[in-house]
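In what follows, chains carry the letters A, B, and so on, assigned in the order in which the sequence lines appear, proteins first and then strands, with residues in each chain numbered from 1.
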Number of protein chains: 2
Amino acid sequence: MPILSESRKKNRVTLLDVARYAGVSRATASLVIRKSPLVSTETRTKVEAAMKELGYVYNMGAARLRADRSLTIGVVIPNLVNPFFTELLAGIDRILDAAGMVVILVNSRDLVTRQEMLLTRMREHGVDGIILCPAAETEMSLVERMVEWELPLVQVLRRVSDDCDYAGVDYALGMRQAVDHLAGLGHRDIAFALHGPVHSAYQERIDGFREAMDARGLDPGNIIRVPNQIAAIAEAAPLFVSGTSRSSAVVCFNDVVALGLSAGLYDLGMTIGRDFSLVGFDDVADAEAMRPRLTSVATFPEAIGEGAARLLLDRLDKPDLAPRKLVNAPQLHIRQSSTFWQGSVGGRTKNAG
Amino acid sequence: MPILSESRKKNRVTLLDVARYAGVSRATASLVIRKSPLVSTETRTKVEAAMKELGYVYNMGAARLRADRSLTIGVVIPNLVNPFFTELLAGIDRILDAAGMVVILVNSRDLVTRQEMLLTRMREHGVDGIILCPAAETEMSLVERMVEWELPLVQVLRRVSDDCDYAGVDYALGMRQAVDHLAGLGHRDIAFALHGPVHSAYQERIDGFREAMDARGLDPGNIIRVPNQIAAIAEAAPLFVSGTSRSSAVVCFNDVVALGLSAGLYDLGMTIGRDFSLVGFDDVADAEAMRPRLTSVATFPEAIGEGAARLLLDRLDKPDLAPRKLVNAPQLHIRQSSTFWQGSVGGRTKNAG
DNA sequence: GCGACCATTTAGATCGATCTAATTCGGTTG
DNA sequence: CAACCGAATTAGATCGATCTAAATGGTCGC
């Protein structure tokens, strides 16, 4: 069942055609393409002219079969619509593109079985390596299996095994920055708003929050899960400002949560940056456009993508390198959504709580 | 210069190994893989067992060389960080993935020469077809050349040639919806805020705005270009509310512009949905999360992506189909950012202007 | 004049699948 | 009993490049 038209496969210009036209052998023409220094300038120009003349198109498929290299990298992302992953992807693409490689992009939708299927598909396509942001609940054995297959692999953002390269963020440091900032402004009742699937980055942020609160002598018990859909997050806002868990500030799992809570607090008639403080995480482009502007811990997804891509290129070069870790330091961007605690909202201290 | 380790290419399990192990010929094993009905159930199970036993991985590269089909589609996008394109991509991916195909994603960054290079690269990789959102200022000849190459092509969102499939949006209708809505609310001085590179969708939106205003007897002269960076858009807000071009409502080129202007108007102390009306375009996920909620013309990027992918699959099936157009009707989502004109801002009518 | 040596070029095998054109074989038919 | 059939299987050519190992041709030293 040939999907393509017959005409396509016919009269295709091959290297042999080029070689004949230029009056050299197939082997020489091949050397010219690969920019080998072995050929004389004279024949090189002759062959290049022939290629242009005949409209020759290099056939990577054939080359890959023989040379076992496809100039193709598989990128597995759990989510395409979150701007964070998009920026990550942009970073990956920038570096790989510059290296003449091409990205095969797939979306695991955070489903492990789907991820498994996609990884097989990539192997079948003969990718030279894979950049993987593991789906939630990915088991360590997956990565071990891939190492066994000798398929170069870089984990990004989430980590399931230490036997393999990883590019990510120092989430604990980011949380410390957020908490220290709010504590410095006088806040004592600081909540943490979470959502999304559970994975290493999720856990690291929670742990980071707890440690940072503990270090400040504050109660880290106020950790609340909010819905995943952005519109629904707004409706969860009352959880933070009323009842026993009332707080004066929230550290958000990411900017999506911050945006949602910001909307919800607005609906409650509260003014962010006056009645309540909000700190986002990731600092995606919209944080700067929010009003009031969102204080956020920048994690530089594009830079992480670039780092991951570079790790992979290095590994392709030297497959026997020991596993490396690239842990980016985040950076707090202070804007208008976080301000001094003025006590006007009423509060709950660790002792009184 | 072999990039890959020696060990990788050695001891790879091939179809021949599988065949030998199962006690059949290479040809039969090939038939089993391709799920041909020609083989008996008995040998099928035998071969499948052998594949599992040996850990066989199908080599698409080799198959493609012979069969001239790669199950690979090139997708060329001008911008990776705009959420609109991401949703589009998600739609494309959903359909192609279900068809067992894989996306090779590249980013033209709206540069024609880069786009040219990338298209060549895709051809070299032997993609079965291409979904292209043409970079600004792409010439018609590009598409014609691709048709000549017999490389199945679908244009998406932007159109440079009628000789080729296209999936997009009825921008004129969307503009009419936006303008009619605002006019119905009593607004007479309606501006249009533009940005970004110039392409067919850009032009169609402008034309649509003009026609819709004309049809209502309103002056469509107030078309203003704002910066491209979202943070800078906010600073352009004064252009709309002061000076001779003062208006009471703005139709925005897309939601990014709307978000930026919303921030800028906030900075000027104005309240959207009371002092001023704003209508966005595209209705990406954040529109629902803005406060006040953004009235926006939904263009359903994910559906467009799905449509484009389906057009391409159809064309792979029947290369000689006449070029088709899939023009989605947008849909106005009325929320809080647009309200009755209360005359409190002062105004300028067509006659008075 | 002969071998050594360098730079350049090349013939032919090869990668791992698919495709074509048989071949095999048990069973039926005239 | 030969001819024929359909279902199942297969040998061998093939896709378009790369790689290996060897050939070619010219220059140089001795």
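- Between B/Y56 atom OH and C/dG16 atom C1' there is a gap of 8 Å when expressed in whole angstrom units.
- Residues meeting the side chain to side chain contact (heavy atoms under 4.5 Å, CB included) test with A/E48, sequence neighbours left out: A/V32, A/R44.
- Going from atom CE of B/M60 over to atom C1' of C/dA17 covers 10 Å, rounded to whole Å.
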Cut-off 3.5 Å, no hydrogens considered: what does the side-chain donor-acceptor table look like for residues 15-25 of chain A, sequence neighbours left out?
from	atom 1	to	atom 2	distance (Å)
A/D17	OD2	A/T14	N	2.8
A/S25	OG	A/A27	N	3.4
A/S25	OG	A/T28	N	3.2
A/S25	OG	A/T28	OG1	3.1

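- A/D314 meets the salt bridge (Lys or Arg N to Asp or Glu O under 4.0 Å) test with A/R324; sequence neighbours excluded.
- Residues B/I304 and B/L157 have side chains in contact (heavy-atom distance under 4.5 Å, counting atoms from C-beta outward).
- In terms of the side chain to side chain contact (heavy atoms under 4.5 Å, CB included) criterion, residue partners of A/E116 (sequence neighbours excluded) are, by chain and number, A/L142, A/R145.
- Rounded to whole angstrom, the span from the CZ atom of B/R69 across to the C1' atom of C/dT18 amounts to 10 Å.
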Legend entry - Reading 5' to 3' through nucleotides 8-15 of chain D, protein heavy-atom contacts under 4.0 Å coded B for base, S for sugar-phosphate only, - for none: SBBBBBBB
Run the side-chain donor-acceptor check on residues 87-103 of chain A: report pairs under 3.5 Å with partners two or more places apart or on a different chain.
from	atom 1	to	atom 2	distance (Å)
A/R94	NE	A/E306	OE2	3.0
A/R94	NH2	A/E302	OE2	2.2
A/D97	OD1	B/R114	NH1	3.0
A/D97	OD2	B/R114	NH2	3.1
A/D97	OD2	B/R121	NH1	3.4

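- Taking atom CG of residue A/L15 and atom P of nucleotide D/dC19, one finds them 13 Å apart after rounding to whole Å.
- Between the P atom of D/dG16 and the NE2 atom of B/H125 lies a distance of 18 Å, rounded to the nearest Å.
- Straight-line distance from the CG atom of A/D17 to the C1' atom of D/dG16: 10 Å, rounded to whole Å.
- Bending across the helix from C/dG1-D/dC30 to C/dG30-D/dC1, expressed as the angle between its end axes from five pairs apiece, amounts to 70° (10° rounding).
- Rounded to whole Å, the distance from CG on A/D68 to C1' on D/dT18 is 12 Å.
- When side chains are defined from C-beta on, B/L105 counts as touching B/L80, because their heavy atoms get closer than 4.5 Å.
- Regarding A/E124, its CD atom lies at a distance of 14 Å from the C1' atom of C/dG16, rounded to whole Å.
- Between B/R34 and C/dC19, a side-chain N or O to OP1/OP2 separation shorter than 4.0 Å is present.
- Partners of B/R158 by salt bridge (Lys or Arg N to Asp or Glu O under 4.0 Å), not counting sequence neighbours, listed by chain and number: B/D110.
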Mind listing the N/O atom pairs, protein and nucleotides 22-27 of chain D, below 3.5 Å?
none

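- B/R159 meets the salt bridge (Lys or Arg N to Asp or Glu O under 4.0 Å) test with B/E204; sequence neighbours excluded.
- Not counting sequence neighbours, the partners of B/V57 by the side chain to side chain contact (heavy atoms under 4.5 Å, CB included) test are A/R123, A/E124.
- Residues satisfying the side chain to side chain contact (heavy atoms under 4.5 Å, CB included) criterion with A/I130, sequence neighbours excluded, are A/V76, A/L119, A/M122, A/V127, A/L132, A/M146, A/L151, A/L153.
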